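Below: the structure, in structure tokens.
Just so it is clear, the values below take in all heavy atoms, side chains as well, and ignore hydrogens, waters and symmetry mates. Fair warning: this is a prediction, and the values are worked out from it, not measured in the lab.
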Amino acid sequence: GAPDSSDGGAFQPSLDVRLHPTATTPCGAVIIIPGGGYGGRATDHEGYQIAEAVNAAGYHAFILQYRVHPNTHPAPLLDVRFVAISLLMT
């Protein structure tokens, strides 16, 4: 399970990958962390729509699906640190 889970590890943080559709050479990437105040994630308008704009600008986009309620701080922060950044740095 994910570190410091308050939900017994039921939810596993993940990245939704939105690669630039025509990139033939390496290009930059943006990690998108949708808002929601730890109670939920605004994934549509602060995730997928932002990813479309990032792709249109010539970059890959990675949307973090992080833990929310019943998980509390520091779980979402750990998801950014250990899931998003660690995966993209490897």
Side-chain angles (χ1 to χ4, degrees):
D4 296 331
S5 286
S6 301
D7 63 0
F11 179 83
Q12 293 298 310
S14 63
L15 287 173
D16 291 344
V17 178
R18 299 292 188 263
L19 298 178
H20 184 273
T22 60
T24 57
T25 59
C27 63
V30 175
I31 300 172
I32 300 167
I33 306 168
Y38 296 157
R41 286 175 301 280
T43 305
D44 183 44
H45 65 282
E46 292 183 13
Y48 299 124
Q49 291 180 23
I50 300 301
E52 289 177 16
V54 168
N55 285 160
Y59 301 96
H60 299 308
F62 297 87
I63 306 163
L64 178 63
Q65 301 298 333
Y66 58 92
R67 290 174 286 170
V68 294
H69 183 77
N71 293 287
T72 58
H73 178 76
L77 181 60
L78 293 173
D79 294 345
V80 172
R81 185 173 181 189
F82 293 112
V83 176
I85 296 173
S86 295
L87 283 174
L88 291 178
M89 294 301 289
T90 58

| Hey, mind stepping through Ile33 and Val80 against side chain to side chain contact (heavy atoms under 4.5 Å, CB included) and telling me if it holds? | CA-CA 8 Å; Ile33 306 168; Val80 172; 3.6 Å; yes
| message | Go through it in stages, so that I can follow the logic: the residues are Gln65 and Thr43, the test is side chain to side chain contact (heavy atoms under 4.5 Å, CB included), and I'd like the CA-CA distance, side-chain angles, deciding distance and then a yes or no. | response | CA-CA 8 Å; Gln65 301 298 333; Thr43 305; 3.2 Å; yes
Which atom pairs, donor and acceptor, lie under 3.5 Å between side-chain atoms of residues 46-55 and protein residues at least two apart or in another chain?
{"unit_1": "Glu46", "atom_1": "OE1", "unit_2": "Gly35", "atom_2": "N", "d": "2.7"}
{"unit_1": "Tyr48", "atom_1": "OH", "unit_2": "Asp16", "atom_2": "OD2", "d": "2.7"}
{"unit_1": "Asn55", "atom_1": "ND2", "unit_2": "Arg18", "atom_2": "O", "d": "3.0"}
{"unit_1": "Asn55", "atom_1": "ND2", "unit_2": "Tyr59", "atom_2": "O", "d": "2.8"}

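Looking at Val68 and Pro76, their side chains never come closer than 4.5 Å, going by heavy atoms from C-beta outward.
Hydrophobic cluster membership is shared by Leu19 and Ile31, with clusters built from Ile, Leu, Val, Met, Phe, Trp and Tyr side chains linked at under 4.5 angstrom.
Taking all atoms of both residues into account, the shortest heavy-atom contact from Ala61 to Ile32 is CB-CD1, 3.9 Å.
A distance of 12.0 Å separates NE2 in His73 from CZ in Arg67, rounded to the nearest 0.5 Å. Here OH of Tyr38 is found 14.5 Å from NE2 of His69. Values are rounded to the nearest 0.5 Å. The distance from atom CG of Asn71 to atom OH of Tyr66, rounded to the nearest 0.5 Å, is 11.5 Å.
Within the 3.5 Å criterion, the main-chain N or O of His20 finds a donor-acceptor partner in the side chain of His60. With Asp79 contributing its side chain and Pro13 its backbone, the two residues share no donor-acceptor pair below 3.5 Å.
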